[in-house]
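One structure is given here, and the rest of the page talks about it.
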Number of protein chains: 2
Amino acid sequence: MPRKPRVRSGSGVTMHDVAKAAGVSAITVSRVLNQPQQVSEPLREKVMQAVDALGYVPSRSASTLASARSRTVLVLIPSLANTVFLETLAGIETVLDAAGYQMLIGNSHYDAGQEFQLLRAYLQHRPDGVLITGLSHAEPFERILSQHALPAVYMMDLADDGRCCVGFSQEEAGAAITRHLLSRGKRRIGFLGAQLDERVMKRLDGYRAALDAAGCRDAGLEWLDPQPSSMQMGADMLDAALAARPDCDALFCCNDDLAIGALARSQELGIAVPERLAIAGFNDLQPAAWCTPTLTTVATPRRDIGVHAARALLRLIDGEEPESRRADLGFRLMLRRSS
Amino acid sequence: MPRKPRVRSGSGVTMHDVAKAAGVSAITVSRVLNQPQQVSEPLREKVMQAVDALGYVPSRSASTLASARSRTVLVLIPSLANTVFLETLAGIETVLDAAGYQMLIGNSHYDAGQEFQLLRAYLQHRPDGVLITGLSHAEPFERILSQHALPAVYMMDLADDGRCCVGFSQEEAGAAITRHLLSRGKRRIGFLGAQLDERVMKRLDGYRAALDAAGCRDAGLEWLDPQPSSMQMGADMLDAALAARPDCDALFCCNDDLAIGALARSQELGIAVPERLAIAGFNDLQPAAWCTPTLTTVATPRRDIGVHAARALLRLIDGEEPESRRADLGFRLMLRRSS
DNA sequence: TTGTAAGCGTTATCAC
DNA sequence: GTGATAACGCTTACAA
């Protein structure tokens, strides 16, 4: 004795409806959609006509449930407000789209605790893999990853413990731009840092190493603020830095936002850049090439990181080895007028 | 006779496992997770302990399939490379997160055809509703929306046909900034436009209306390029504009990127801004307050648009009426040194 | 307040 | 090459 039918999702057209309309069985419809070569030409045509005629849209939930594959990838980023991660997302998108995968975006707000919660929450969707920003994560985060045997690729930095990663050496980049300032004759080079996430701290390490090597490191020239960075903050930090150390002759800012704010304030104060004070940023965002004076900075291959990371993840998901488990995409110094 | 068991998704723990561990039935576990107040205190505790002990993560696919609700919202934006939409996403995220909804992000690349394909593709996830950027869409796009009876909220602009929308009048904003330039004594005010999407064209309409009202509209002062905008393009367009019309005494750029590029080029060329040439942008992105000279522009409430649109959509999904079917969040003129 | 049975729409398995 | 049948993990409807 049949019961009251339930509410249907979507427009209500199911694979069975298509099958009936085409005069075949449901499984044949499934094959036409997923492994067309296994179905004979005439049946394939009939089925496709029925699909179009009925406006049939397959249900991902049903497919995921039945096949234990969601064709979905979770992307964990620390912020939606930072162009750097957006361009990475854009790169990821091109690859996943082409492969028929869709991405779920999780924003951790630079918080390891939230990142863990996000992972747990998104696990409900049974993603086939995860793209992760950065290498350091909460202990339960890593544990849950391995518990669920989730293929993962780490982005933006280079791991040395066998985890699959795509990025560049944040430390080496920090050292390289610092050496550039040294090569310009600067000796009292300061560091402005905000947010203080993992990558900023590595750039700081690189800066310190370069100055140590040159014998002119000075701990009193480091200004660090855990708040999110902004141009306003760059301006404020410049004021604080010059008040404390008027002898400072160069500044490496941990990102372009800080640098542009510092640059603008220097202009206001009539400080000669780069003669009296050289300024360098990090990331090479668009405004770096258009501020006054133009900003010396480090160009980072964030879009490519997204592309390569997504490709590597798809291979892991398919049980293959990625081309490289540790892809170093490098960085480029963009030498402009501010140094 | 039982068959070979299938592969399990996730870590393999199901609601039945939890039920067994807690000595209750599966439906009770479901209730503890979804309507806790319907379950007695002691049972609730036992179940929660079992959930934690087993590390159980519910399957969204199974839930969606059984309940015909995905607790998922599709967000359609024209670009992932534009800060404006990111901030909108961030606003949406706060509201959806709090309500236990997750968002699927579809990037149409400013292409109505792709937008339609995206909608079709994401329909596989059976989203409970859609947040849409802009008012103009392909005909099949609107058709599919109504076929599937999908609750929808349109963002960024104001509709006059009863569609639920959250935004501000792009046209009025374009007119307002133009009137400001008029009030500064400018009379040969040019327009620089890129991308030429719906919103840019409405700003252009507003610009034209304001100049018509003042009796000084001049069709020779409009420069339009369908390519995506960039600071480089702003610089190039400034060159072209001044070459064609050296008498031009102000420029309204359709967004801040163009304006900042034009501003930077003006500085290079030694053109006095705003005396000889005033420049205004649109959106008030962060660099607008930090370029030289600072940029006059229109501040748009994009984050709030996201927040309000998401709230309205959740109400529609629940079958209630939103607070307003046409929420005008306004805009603000940011008058700075470039005018 | 709790449980039973059926069914959501698809795919894996096995048979023809 | 095609089809019948049984899962997949959960929630609805209904009963106790």
Side-chain angles (χ1 to χ4, degrees), chain A residues 1-47 51 54 56-72 123-126 128, chain B residues 1-47 51 54 56-71 123-126:
Chain A
M1 177 171 75
R3 303 211 181 169
K4 192 189 293 179
R6 299 241 212 120
V7 200
R8 289 282 189 79
S9 59
S11 57
V13 181
T14 76
M15 191 173 266
H16 278 95
D17 298 333
V18 176
K20 204 175 302 172
V24 299
S25 72
I27 189 65
T28 300
V29 176
S30 174
R31 290 198 183 104
V32 169
L33 264 30
N34 299 311
Q35 302 131 5
Q37 73 290 353
Q38 288 194 18
V39 179
S40 67
E41 177 69 30
L43 273 198
R44 222 185 305 164
E45 289 239 326
K46 263 205 275 190
V47 168
V51 165
L54 298 179
Y56 167 66
V57 180
S59 160
R60 205 86 160 195
S61 321
S63 168
T64 298
L65 193 54
S67 67
R69 294 192 91 215
S70 62
R71 272 177 301 167
T72 273
L123 237 35
Q124 296 186 1
H125 291 272
R126 302 290 187 267
D128 295 334
Chain B
M1 178 172 74
R3 303 206 180 175
K4 192 188 295 181
R6 300 243 211 120
V7 200
R8 288 282 187 79
S9 60
S11 57
V13 181
T14 75
M15 189 174 269
H16 278 94
D17 299 331
V18 176
K20 205 175 302 171
V24 299
S25 72
I27 188 65
T28 299
V29 177
S30 173
R31 289 199 183 106
V32 169
L33 265 29
N34 299 313
Q35 302 133 4
Q37 72 292 350
Q38 286 195 19
V39 179
S40 67
E41 178 68 29
L43 273 196
R44 221 186 304 165
E45 290 238 325
K46 264 204 275 192
V47 169
V51 165
L54 299 179
Y56 169 65
V57 180
S59 159
R60 204 85 161 197
S61 322
S63 167
T64 298
L65 194 54
S67 67
R69 295 192 89 214
S70 62
R71 272 176 300 166
L123 237 34
Q124 297 186 359
H125 286 116
R126 302 290 188 267

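Numbered from 1 within each chain, the chains take letters A, B, ... in sequence-line order.
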Round to the nearest Å and state the distance from A/E41 atom CD to D/dT2 atom P.
11 Å

Shortest non-hydrogen contact between B/V13 and B/L54, atoms and distance
CG2-O, 3.6 Å

Overall bend of the helix from C/dT1-D/dA16 to C/dC16-D/dG1 (five pairs an end, 10° steps) is 20°

Taking only the side-chain heavy atoms of A/N34 (C-beta and beyond), determine which of D/dC10, C/dT11, C/dC14 contains the nearest atom.
C/dT11

Residues at least two apart in sequence or cross-chain that pass side-chain contact (heavy atoms from CB on, under 4.5 Å) with B/E41, listed by chain then number, are B/R44, B/E45

Please determine if a side-chain N or O atom of A/S40 lies less than 4.0 Å away from the OP1 or OP2 oxygen of D/dT2.
yes

Phosphate-side-chain proximity, A/S59 and C/dT10, N/O vs OP1/OP2 below 4.0 Å:
no

Show the nearest heavy-atom pair for residues B/T14 and B/Y56, with the distance to one decimal.
C-CE1, 3.6 Å

Short side-chain N/O contact from A/S25 to OP1 or OP2 of D/dG3, under 4.0 Å
yes

Quick one: is A/S67 getting a side-chain N or O under 4.0 Å of the C/dT10 phosphate, OP1 or OP2?
no

Among C/dT4, D/dC10, C/dT2, find the nucleotide with the atom closest to the side chain of B/I27.
C/dT4

Can you see which heavy atom on A/S70 is nearest to which on A/R126, and at what distance?
OG-O, 2.6 Å

For B/T28 and C/dG3, is the shortest distance between a side-chain N/O and OP1 or OP2 below 4.0 Å?
yes

Test item: A/S61 side-chain N/O and B/L65 main-chain N/O as donor-acceptor pair under 3.5 Å:
no

How many Å lie between NE2 on B/H16 and P on D/dC8, as a whole number?
10 Å

Does A/L43 form a side chain to side chain contact (heavy atoms under 4.5 Å, CB included) with A/V32? I'd like the steps, not just the answer.
CA-CA 8 Å; A/L43 273 198; A/V32 169; 5.8 Å; no

Identify which nucleotide among C/dT11, C/dG3, D/dT2 has an atom closest to any side-chain atom of A/V39, counting heavy atoms from C-beta outward.
D/dT2

Identify the two heavy atoms, one from B/S25 and one from B/A19, that lie closest to each other, and give their separation to 0.1 Å.
C-CB, 3.6 Å

I need the A/M15 CE to A/T28 OG1 distance, nearest 0.5 Å.
10.0 Å

Closest to the A/A62 side chain: D/dC10, C/dT13, C/dG9?
C/dG9

Please give, in whole Å, the distance from C/dG7 C1' to B/L65 CG?
9 Å

A/R69 atom CZ is separated from C/dT10 atom C1', nearest whole Å, by 15 Å

Separation of B/Q35 atom CD from C/dT2 atom P, in whole Å?
13 Å

Starting the side chain at C-beta, find the nucleotide from C/dT11, D/dA13, C/dC8 nearest to B/R31.
D/dA13

A/R60 near the nucleic acid: base, sugar-phosphate alone, or nothing, with a heavy-atom cut-off under 4.0 Å?
nothing

Taking CZ from B/R126 and P from D/dC10, how many angstroms apart are they, rounded to a whole number?
20 Å

Closest to the side chain of A/V24, out of C/dT2, D/dG3, D/dG9, is D/dG3

Whole-Å distance between D/dT2 C1' and A/Q37 CD?
15 Å

Using the closest heavy atom to pick a nucleotide of DNA chain D for each, name whichever of A/Q38 or B/S63 lands nearer the 5' end.
A/Q38

In whole angstrom, what separates A/M15's CE from C/dG9's P?
12 Å

